[in-house]
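Notes to accompany the following structure.
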Protein chains: 2
Amino acid sequence: MAKKNTLPYIILGLLSKSELSGYAIRTAFENEIGEFWQAKHSQIYPELKKMLAADLVTFRTEIVGEKLEKKLYSLTAKGTTVLADWIQSPTDDLPVSHDEFALKLYFVSSQADPIIATMMTKQLSNHQQNLSHLKARQRLLFSTATAIKTNYGHYLILRRAINRETDYVDWLKTELAEQQKFNRQG
Amino acid sequence: MAKKNTLPYIILGLLSKSELSGYAIRTAFENEIGEFWQAKHSQIYPELKKMLAADLVTFRTEIVGEKLEKKLYSLTAKGTTVLADWIQSPTDDLPVSHDEFALKLYFVSSQADPIIATMMTKQLSNHQQNLSHLKARQRLLFSTATAIKTNYGHYLILRRAINRETDYVDWLKTELAEQQKFNRQG
DNA sequence: TACGTCATGTAAATAGTTACATGATTGG
DNA sequence: CCAATCATGTAACTATTTACATGACGTA
């Protein structure tokens, strides 16, 4: 996880689609990429500075209204190359999906513990909510074939997120059913 | 994610099952819990020291062979309470499953880019390998009803990991099929 | 006797979060 | 005019990784 410094590559990727301010990069993490990575503005601004020094990005300043200065970053030639190299490099390390809920279950050793059903029911509701949100996004963004064609990467990872959440929900339902069966049989 | 300091709770959870050395805690991350969390020994030893100071754990020293000293940690009453509180506390923050591969796909905007199929084929092989490994573990550890009953938490998260990997494999297969269809139709 | 594993630690660096700080713009 | 959002930054802290360091044990 940490330590491979993925953030600069994500920033490069975002900038390859369009010129963006630090603030706009920050808000991008509220969309689908936020399902796979997140960063706060306090990490983004210093990172942009480092990337500027490394000649991966440039910026131009735009005035919004009377005096508010907005820095619009874009890729340099070097940045474009570095991004392409990253995308083409192998992604061999499987992600360790930090899952606090799964860990908690691991430490509830007894199948008879009623807390399992309580925990699972709550978690089911959480994931169902996220799934509804993602499906609404899909309807909103990708109801036409053209939308899919012009934004294929976005389409792919939205489907990935939907798959992931659907699977989590299904797993919880299966295990809950097994719990209920166990409790009936005693 | 980080920053909620989950590690001490995992350590408490492991120690609730049996007395363990720092080294044994480290090796536990090579089993199923490693699918959901990981830590190096350089983080574990200092953490145990902090937990000792916080009266969450105690240890006794065992001599292995002639002089090698092994510290066997176990829970204090306080540690037991803190663990139970953690397990019962809500797990409302959905995990941001860091997925570098999904991010890379997001930045390959064009459906026509042949790199997509190459990347997906490689990734499919990675996940299939992990899935085989997990299924072998299931056969090894949970082929009897008794095994499931006496180690239910372990059984649950192994199934969770298998579900997760199965879903990833299925998603990749689906998207690869769509890619091939797209390429034929041009 | 050499190699892999068991065993325990510390130090230095980086990644990421939380908190501190400031000010302009837009829309109701 | 007030609140939400746009916009940019820094400081302090914590979590995590990589690297440094040492030594005993078991076995082939």
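Residue numbering restarts at 1 for every chain, and letters A, B, ... go by the order of the sequence lines. Worth saying up front: this structure is predicted, and the values here are computed from it rather than measured. These numbers come from the heavy atoms of this one structure, side chains and all, not from hydrogens, waters or symmetry mates.
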Interatomic distance where CG belongs to A/Leu72 and P belongs to D/dC6 [whole Å]: 15 Å
Whole angstrom value for the distance that separates C1' of D/dT8 from CG of A/Leu20: 15 Å
Heavy atoms from other residues, nucleotides or ligands near NZ of B/Lys135 exceed 12 (cutoff 6.0 Å): no
Annotated protein contacts, base or backbone, on nucleotides 23-28 of chain D with a non-hydrogen cut-off under 4.0 Å, one of B, S, - each: BSS---
N/O (side chain, B/Lys4) to phosphate O (OP1/OP2, D/dA15) under 4.0 Å: no
Over all atoms of both residues, closest heavy-atom pair of B/Arg137 and B/Leu158: C-CD2, 4.0 Å
Euclidean distance, atom CZ of residue B/Arg26 to atom P of D/dT16 [Å, nearest integer]: 17 Å
Interatomic distance, B/Tyr9 OH vs D/dA15 C1' [rounded to whole Å]: 15 Å
Whole-Å distance separating the CZ atom of B/Arg60 from the P atom of C/dT8: 12 Å
Six-ring centre of B/Tyr9, B/Lys4 cation under 6.0 angstrom, axis tolerance 45°: no
Quiz item: cation-pi between A/Lys40 and A/Tyr45, 6.0 Å / 45°: no
Check: B/Glu35 main-chain N/O paired with B/Arg164 side-chain donor or acceptor under 3.5 Å: yes
Whether A/Trp37 and B/His98 hold their rings parallel, tilted or perpendicular, with breakpoints at 30° and 60°: parallel
Worked check of ring-ring contact (aromatic ring centres under 6.0 Å, His included) between B/His154 and A/Tyr106: CA-CA 5 Å; B/His154 193 163; A/Tyr106 181 67; 5.5 Å; yes
side-chain N/O B/Tyr23 vs C/dC6 OP1/OP2, d < 4.0 Å: yes
Any A/Leu75 side-chain heavy atom under 4.5 Å of A/Leu56 side chain: no
Separation of atom CD1 in A/Ile11 from atom P in D/dT8, rounded to whole Å: 13 Å
Estimated bend of the helix from C/dT1-D/dA28 to C/dG28-D/dC1 (axis per five terminal pairs, rounded to 10 degrees): 30°
Position toward the 5' end of DNA chain C (nearest nucleotide), B/Thr27 or B/Tyr73: B/Thr27
Over-ring placement of B/Arg160 relative to A/Tyr168, 6.0 Å and 45° cut-offs: yes
Close approaches to DNA chain C from residues 38-52 of chain A, in residue order (heavy atom, under 4.0 Å): A/Lys40, A/Ser42, A/Gln43, A/Lys50
Salt bridge (Lys or Arg N to Asp or Glu O under 4.0 Å) between B/Lys67 and B/Glu69, worked out: CA-CA 6 Å; B/Lys67 29 180 154 169; B/Glu69 290 194 353; over 6 Å; no
Result of checking A/Thr81, A/Val82, A/Asp55 against A/Thr76 for side chain to side chain contact (heavy atoms under 4.5 Å, CB included): A/Asp55
Value in whole Å for how far the P atom of C/dA7 lies from CD of B/Glu62: 9 Å
